[in-house]
Engineer: 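Have a look at this one before I ask anything.
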Amino acid sequence: MKHSAISDGSATVFNADGEATASAAFEHVYAVPEGATHAVVMMEAPTGDADLDVRLEPLSIEARDELSRLARVKLRFLALAQGTEELAIRIISAGKAAVRVTVAFFKREAGALRKNFSCKTCKQLCKLALSAVLAHLGVPYLDAEAATDLPGIAPIDDSPEAATALRALAAEMDLTPEDLQAPIPVQTGEPVPVTQACIDLLDTPAEAPEWIRVLFDFVHPKAMAAVRVALEIVDGYIDATDRIYTFACESIGMCKPASGKPSAGAA
């Protein structure tokens, strides 16, 4: 398993990638940061079998409801009991599946703290919140992330001339011959159009389920509106880039605009 984590003020985000099968579970125990009151747990199967069996401990009865309508995504929004120290995740799959897990812990702190996330944290949280909305609405956003590896550049033959030509080409591109010979990841998925239901939900926060409103509010009071506008700016497609989240975070003042000018929502 590959793990990474960022902690920034009132939010801590853990990311993990691995595999799950019927005989080899994806298992991990996350330490709950001191003072955390809520957690979002998103478990995605980008490739392979989508028949995931997820177990989280400890969980209250009301937190066991599945919030995702996508077979490839399992989603929970948890109100943590006071004193909860650990959150254990166990995922098994009927067949082999790649598994991506995102766990975000939030503290209910002063709103001012939630306005000072780094650009990186803001992007991760906006992506998590929007992915949660899409999964809840049944929009298959993972299709936009489909990729395959194309073979790298191989020498024409084993001659010294071919090796020299490969080294020269690599030097022109500021790469090594090994870089050119490595498989090249290429996006193959078609951009996924954002449904009108998603636009409507983001456009009328008062009508969204409470957990969605609370999740976006943990990011920033204006995060839902910022993501809504960002989706319009990128033509209403989820295209597996961070343009959506960059624009959203610029508009609420957490990312510095590329132009260097103050963002629309900056103080």
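Keep in mind that what you see is a predicted model, and the values were worked out from it rather than measured. The analysis underlying the following values was restricted to heavy atoms, covering all of them including side chains, and did not include hydrogens, waters or symmetry mates.
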Engineer: Could you list the residues that satisfy side-chain contact (heavy atoms from CB on, under 4.5 Å) with His28, not counting sequence neighbours?
Structural biologist: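 side-chain contact (heavy atoms from CB on, under 4.5 Å) check on His28 returns Met1, His3, Tyr30.
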Engineer: Between His38 and Phe218, is the ring centroid distance below 6.0 Å?
Structural biologist: yes
Engineer: Are any non-hydrogen side-chain atoms of Val40 and Thr102 less than 4.5 angstrom apart?
Structural biologist: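 Val40 vs Thr102: side chains apart.
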Engineer: Taking all atoms of both residues into account, what is the closest heavy-atom pair of Ala31 and Phe105, and its distance?
Structural biologist: O-CE1, 4.0 Å
Engineer: Taking all atoms of both residues into account, what is the closest heavy-atom pair of Ala94 and Ala22, and its distance?
Structural biologist: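 Shortest heavy-atom separation between Ala94 and Ala22 comes out as O-CB, 4.1 Å.
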Engineer: Can Ile92 be reached from Met43 by stepping across I, L, V, M, F, W or Y side chains whose heavy atoms are under 4.5 Å apart?
Structural biologist: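 No, no single cluster joins them.
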Engineer: Return the minimal non-hydrogen interatomic distance between Val32 and Thr84, and the atom names on each side.
Structural biologist: CB-O, 3.5 Å
Engineer: Answer yes or no: is there an ion pair linking Glu34 with Lys107, defined by an N-O contact shorter than 4.0 Å?
Structural biologist: no
Engineer: In Å, rounded to the nearest 0.5 Å, how long is the span from CG of Leu125 to CE of Met254?
Structural biologist: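 Leu125 atom CG to Met254 atom CE measures 8.5 Å (nearest 0.5 Å).
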Engineer: Does Phe216 have any ring pair (Phe, Tyr, Trp, His ring centres under 6.0 Å) partners at least two apart in sequence or in another chain, and if so, which?
Structural biologist: none
Engineer: Report yes if the SG atoms of Cys249 and Cys122 are separated by under 2.5 Å, and no otherwise.
Structural biologist: yes
Engineer: Assess the side chains of Tyr245 and Glu250: does a donor N or O sit below 3.5 Å from an acceptor N or O?
Structural biologist: no
Engineer: Under the side-chain contact (heavy atoms from CB on, under 4.5 Å) test, which residues partner Glu210, sequence neighbours left out?
Structural biologist: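 In terms of side-chain contact (heavy atoms from CB on, under 4.5 Å), with neighbours along the sequence ignored, Glu210 is linked to Arg213, Val214.
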Engineer: Could you tell me whether the side chain of Thr21 reaches within less than 4.5 Å of the side chain of Ser93, counting heavy atoms only?
Structural biologist: no
Engineer: Is there side-chain contact between Val133 and Cys198, with heavy atoms separated by less than 4.5 Å?
Structural biologist: yes
Engineer: Can you check side chain to side chain contact (heavy atoms under 4.5 Å, CB included) on Val103 and Val13, steps first, answer last?
Structural biologist: CA-CA 6 Å; Val103 180; Val13 185; over 6 Å; no
Engineer: Please identify each residue that fulfils salt bridge (Lys or Arg N to Asp or Glu O under 4.0 Å) with Lys96, with sequence neighbours left out.
Structural biologist: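 Partners of Lys96 by the salt bridge (Lys or Arg N to Asp or Glu O under 4.0 Å) criterion, ordered by chain and then number, come out as Glu19.
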Engineer: Provide the closest heavy-atom pair for Ala45 versus Leu142 in the form atom of the first, atom of the second, distance.
Structural biologist: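 That closest heavy-atom pairing would be O-CD1, 4.1 Å.
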Engineer: Which heavy-atom pair separates Val139 from Leu70 by the least distance, and what is that distance?
Structural biologist: O-CD1, 3.2 Å
Engineer: For Phe26 and Asp17, which heavy atoms make the closest approach, and how far apart are they?
Structural biologist: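 The answer is CE1-C, 4.1 Å.
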Engineer: When you check the gap from the basic side-chain N to the acidic O, do Arg228 and Asp203 get nearer than 4.0 Å?
Structural biologist: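 Result for this pair is yes, salt bridge flagged.
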Engineer: Restricting to side-chain contact (heavy atoms from CB on, under 4.5 Å), what partner residues turn up for Glu161, sequence neighbours left out?
Structural biologist: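 If we apply the side-chain contact (heavy atoms from CB on, under 4.5 Å) test to Glu161, skipping adjacent residues, the hits are Ser159.
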Engineer: Any link between Ile199 and Tyr141 through a network of hydrophobic side chains (Ile, Leu, Val, Met, Phe, Trp, Tyr) touching at under 4.5 Å?
Structural biologist: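 In one cluster with Ile199: Tyr141, yes.
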Engineer: How many angstroms lie between CG in Asp217 and CE in Met224, if you round to the nearest 0.5 Å?
Structural biologist: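 Between Asp217 CG and Met224 CE, I get 9.0 Å after rounding to 0.5 Å.
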Engineer: Output all residues satisfying side-chain contact (heavy atoms from CB on, under 4.5 Å) with Pro209, sequence neighbours left out; order by chain, then residue number.
Structural biologist: His136, Leu201, Trp211, Ile212
Engineer: Look at the side chain of Thr164 and the backbone N and O of Pro160, then say whether any donor-acceptor pair between them is shorter than 3.5 Å.
Structural biologist: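 Checked: pair present.
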